[in-house]
Amino acid sequence: MEENKEQILEEETTQDESVIDTEETASETENTEQDSKGADKKSEKKKLKAEKKDKENKLQEKVDELEDRVKRQMAEFDNFRKRTEKEKAAMFETGARSVIEKILPVVDNFERGLGALSEEELKQPFAEGMNMVYKQMMTELEKLDVKAIEAVGCEFDPNLHNAVMQVESEEYESGVIAQELQRGYTYRDTVIRYSMVAVVS
């Protein structure tokens with residue numbers, strides 16, 4: 001009887017141990033499966049992150065490229081605008097100079113005509129009208145920044161004056177302008193017509 005009890009106990013112990021071994025093996029298998037699943041999930045997450053980062057990098061590259069293109073076009077447009085403004089200013093200057101050069105002989109004729117009249121004749125209505133027109137013309141030229149070049153009594157300056165003759169003078173020293181034969185003018189600080197002068201020798 002006792003031997004049977006011991007045998008039954010041994011069998012139960014062996015069965016318990018085999019059950020425990022089976023359970024441990026099952027749990028180890030489960031753990032291994034979980035670990036592999038976790039590893040798969042991690043690698044999938046990494047892959048997704050890498051893909052996302054790659055997409056972001058590509059988008060950033062595209063944005064940078066477009067930004068660079070816009071900046072270049074803006075710079076080109078700015079250069080075009082400046083160039084156009086310069087060309088317009090140059091065209092205006094050329095046109096203005098051309099018109100002023102054509103008006104100056106008319107001014108000369110007014111001055112000659114008024115200079116040839118006597119004091120009595122200058123009081124006549126016709127002469128007064130001529131004088132008013134002349135003054136108005138000179139005012140408009142001044143508004144356009146056209147100025148007469150000073151000559152008589154000034155030292156000869158080849159940048160402003162054109163000496164056509166030399167004269168003797170007791171009033172002025174050598175190198176000084178004694179007579180103005182034709183008045184010169186500047187337009188915005190550039191000479192539009194040189195003064196024709198006689199210089200003391």
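These values consider heavy atoms only, across backbone and side chains, with no hydrogens, waters or symmetry-generated copies. This structure is a prediction, so every number in the text was calculated from the model and none was measured. Index from 1, following the sequence.
- For CD of Glu56, the number of neighbouring non-hydrogen atoms (other residues, nucleotides, ligands) closer than 6.0 Å is greater than 12.
- Of all heavy-atom pairs between Ala127 and Leu117, the closest is CB-CD1, 3.7 Å.
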Problem set entry | Steps toward side-chain hydrogen bond (donor to acceptor under 3.5 Å, both in side chains) verdict (Asp64, Gln60) | CA-CA 6 Å; Asp64 291 343; Gln60 189 60 45; 3.1 Å; yes
For this session: Evaluate side chain to side chain contact (heavy atoms under 4.5 Å, CB included) for Ser195 paired with Gln182, printing each intermediate quantity in order.
Result: CA-CA 6 Å; Ser195 292; Gln182 188 183 53; over 6 Å; no
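- The backbone N or O of Ser118 sits less than 3.5 Å from a side-chain atom of Glu121, completing a donor-acceptor pair.
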Problem set entry | Pair Val176-Phe156, side chain to side chain contact (heavy atoms under 4.5 Å, CB included): steps then yes or no | CA-CA 6 Å; Val176 175; Phe156 175 75; over 6 Å; no
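- Summarising the geometry, atom CG belonging to Asn159 is positioned 12.5 Å from atom OG1 belonging to Thr190; distances are rounded to the nearest 0.5 Å.
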For this session: Step by step, work out the side chain to side chain contact (heavy atoms under 4.5 Å, CB included) result for Ile177 and Glu150.
Result: CA-CA 10 Å; Ile177 297 165; Glu150 288 184 34; over 6 Å; no
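- When atom types are taken as modelled, the side chain of Ser169 and the backbone of Glu171 share a donor-acceptor pair closer than 3.5 angstrom.
- With a 6.0 Å radius and a threshold of 12 heavy atoms from other residues, nucleotides or ligands, Glu51 has its CD atom above the threshold.
- Here the side chain of Thr94 pairs a donor or acceptor atom with the backbone of Ala90 at under 3.5 angstrom.
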Exercise. Tyr185 and Lys147: side chain to side chain contact (heavy atoms under 4.5 Å, CB included), yes or no, with the steps?
Worked result: CA-CA 5 Å; Tyr185 292 90; Lys147 293 172 186 171; over 6 Å; no
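- Among all heavy-atom pairs drawn from Arg112 and Asn109, the shortest one is NH1-OD1, 2.8 Å.
- Counting heavy atoms of neighbouring residues, nucleotides and ligands inside a 6.0 Å radius, atom CD of Glu93 exceeds 12 of them.
- At a threshold of 4.0 Å, the pair Glu119-Lys123 does not count as salt-bridged, since none of the basic side-chain nitrogens sits closer than that to a carboxylate oxygen.
- Cluster annotation: Met137 is connected to Val146 through the hydrophobic network of ILVMFWY side chains, with a link wherever side-chain heavy atoms come within less than 4.5 Å.
- Between Arg193 and Asp108 there is a salt bridge, since at least one side-chain N of the basic residue sits less than 4.0 Å from a carboxylate O of the acidic one.
- Between Thr186 atom OG1 and Ile192 atom CD1 the span is 9.0 Å, to the nearest 0.5 Å.
- Side-chain heavy atoms closer than 4.5 Å link hydrophobic residues (I, L, V, M, F, W, Y) into clusters, and following such links, even through other members, never connects Ile149 to Met165.
- Between Val197 and His161 the shortest heavy-atom distance is CG2-CB, 3.9 Å.
- A salt bridge links Glu85 and Arg81; the closest N-O separation between the charged side-chain nitrogens and carboxylate oxygens is under 4.0 Å.
- One hydrophobic cluster holds both Val106 and Leu144 under the rule that ILVMFWY side chains link at heavy-atom gaps under 4.5 Å.
- Shown are Gln73, Glu65, Glu67; of these, the side-chain hydrogen bond (donor to acceptor under 3.5 Å, both in side chains) with Arg69 is made only by Glu65.
- A distance of 12.0 Å separates CZ of Phe126 from CG of Asn131, quoted to the nearest 0.5 Å.
- Note that NZ of Lys135 and OG1 of Thr139 are 9.0 Å apart. Values are rounded to the nearest 0.5 Å.
- Hydrophobic clustering places Leu141 together with Met130 (ILVMFWY residues linked when any side-chain heavy atoms are closer than 4.5 Å, directly or through intermediates).
- Of the inter-residue distances, the one linking Leu59 atom CG with Lys62 atom NZ reads 10.0 Å to the nearest 0.5 angstrom.
- At least one side-chain heavy atom of Glu111 sits less than 4.5 Å from a side-chain heavy atom of Arg183.
- Taking CD from Glu140 and CD1 from Ile103, the interatomic distance works out to 10.0 Å, rounded to the nearest 0.5 Å.
- Side-chain atoms of Met138 and Val107, non-hydrogen and from C-beta on, do get closer than 4.5 Å to each other.
- Atom CG of Asp189 is surrounded by 12 or fewer heavy atoms from other residues, nucleotides or ligands within 6.0 Å.
- In the hydrophobic clustering of this structure, Val199 does not group with Leu181; members are Ile, Leu, Val, Met, Phe, Trp, Tyr whose side-chain heavy atoms approach within less than 4.5 Å, directly or through other members.
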